[in-house]
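In what follows, a structure is listed as structure tokens, so that the remarks can point back to it.
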Protein chains: 2
Amino acid sequence: MKAPQDVFTEYLANENLKMTPQRRLILDTMLKQEGHLSSEELYVYVKKRDSSIGQATVYRTLKLLSDSGLVEPLDFADGVTRYEPSYGKDHHDHLICERCGKNIEILDDTIERRQEELAAEHGFTLLKHKMYLYGICADCRK
Amino acid sequence: MKAPQDVFTEYLANENLKMTPQRRLILDTMLKQEGHLSSEELYVYVKKRDSSIGQATVYRTLKLLSDSGLVEPLDFADGVTRYEPSYGKDHHDHLICERCGKNIEILDDTIERRQEELAAEHGFTLLKHKMYLYGICADCRK
DNA sequence: TTTCGTGCAAACTATTTGCATATCA
DNA sequence: TGATATGCAAATAGTTTGCACGAAA
């Protein structure tokens, strides 16, 4: 599997876009973080490494990373778009504790298959789906 | 089953809030519309019936309707929160055409059941879920 | 008759964009 | 060299909020 940095560089070249130190740094920072980062959060980390980088560049780069398939936007419906590295990772959905915010990655073949079937039954070609389960985790229920 | 208007009145009384002509009109307008309305869209309809009503009142009332269980907020990830009447209606998910915006209500017992099981396997008590399937419909594929 | 609601406009938050300058290919 | 990227600040879009006045319980 290609390194993410190479994937990004190739994507940029393909689109007649350019690799820059900013883009390299933002991708690197994104990949080093675990879990789900908002643009704002990523911006904070990025600024620690290069305080001259502007917030707009982070927004713009995240869009590129998303278009190139390296990260995936998540939508927990709190008004903030978060991203997670997705390159080389299996698809998964999310199980979220409404009390403590705990966020567990889940995957279920039965559901995935039924989603395909359901779409087909309605004449749709399925492109993607979003599934979020919200509940209270065991710790919070104690 | 109680009338939605009564449900709303009771909810308000319970919360020490008041029924007003505006709230009555907004609920009534919401229920008369089919499908998924944003606050902005609802505001346009509401203004046709009473042009003195302010947009903030529509936002505030939608929140109350949501809290009282009469309507449900939807999140199609386009930056706009939409609502649909949910009182007395069965739960369902959405299958959305990315090209024409067609929006089909779907429901699948197998998926619903697996969602419960998945949550339980992780120690969660499931409160709710969101599932959106995105694809291209037959018409748009022609 | 007091608490709550309303309309208005201003405030807010997340994100996007215009522009002059700086940088990559 | 010429197209693209950057940082900044201003602009945008959806939504929320402060306030003085008006209305429901």
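Throughout, a chain's letter reflects where its sequence line sits, starting with A, and its residues are numbered from 1. The structure displayed is predicted, hence computed values, not measured ones.
Salt-bridge check for A:Lys63 with A:Asp67: failed, with every basic side-chain N at 4.0 Å or more from each acidic carboxylate O. With salt bridges taken as basic N to acidic carboxylate O contacts below 4.0 Å, none links B:Arg82 and B:Asp75. Under 4.0 Å is where a charged nitrogen must lie from a carboxylate oxygen, and between A:Asp93 and A:Lys130 no such pair does. The existence of a salt bridge linking B:Glu84 and B:Lys89 is excluded, since no basic side-chain nitrogen approaches an acidic carboxylate oxygen closer than 4.0 Å. A salt bridge is absent between B:Asp50 and B:Lys47; no separation between the charged side-chain nitrogens and carboxylate oxygens falls under 4.0 Å.
For the pair A:Ser68 (side chain) and A:Leu64 (backbone), a donor-acceptor distance under 3.5 Å is present.
When the C1' atom of C:dT15 is taken as reference, atom CG of A:Leu42 falls 15 Å away, rounded to whole Å. The distance between atom CZ of B:Arg23 and atom C1' of D:dA25, rounded to the nearest whole Å, is 13 Å. In this structure, CG of A:Leu37 is placed 17 Å from C1' of C:dT15, rounded to the nearest angstrom. Between B:Leu25 atom CG and C:dT6 atom P the separation is 11 Å, expressed in whole Å. In this structure, OH of A:Tyr43 is placed 14 Å from P of D:dT6, rounded to the nearest angstrom. Atom CG of B:Leu62 is separated from atom P of C:dT6 by 12 Å (rounded to the nearest Å). In this structure, B:Leu64 atom CG and D:dA24 atom C1' are separated by 15 Å, rounded to whole Å.
Separating the NZ atom in B:Lys2 from the OG1 atom in B:Thr9 is a distance of 11.0 Å, to the nearest 0.5 Å.
At least one side-chain heavy atom of B:Leu95 sits under 4.5 Å from a side-chain heavy atom of A:Phe124.
Less than 4.0 Å separates DNA chain C from at least one heavy atom of each of the following residues of residues 12-22 of chain B: B:Asn16, B:Leu17, B:Lys18, B:Thr20, B:Gln22.
Helix-axis bend for the helix from C:dT1-D:dA25 to C:dA25-D:dT1: the local axis fitted to the five terminal pairs at one end deviates from that at the other end by 30°, rounded to 10°.
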Letter per nucleotide, 5' to 3', of nucleotides 11-18 of chain D [B base touched, S only sugar-phosphate touched, - untouched; heavy atoms, 4.0 Å]: ---SBBBB
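Put simply, B:Leu74 and B:Leu31 are part of two different groups of oily side chains (I, L, V, M, F, W, Y) that touch within less than 4.5 Å, one to the next. With hydrophobic clusters built from ILVMFWY side chains whose heavy atoms lie under 4.5 angstrom apart, B:Leu70 shares a cluster with B:Val46.
Residues B:His129 and A:His94 keep their aromatic ring centres 6.0 Å or farther apart.
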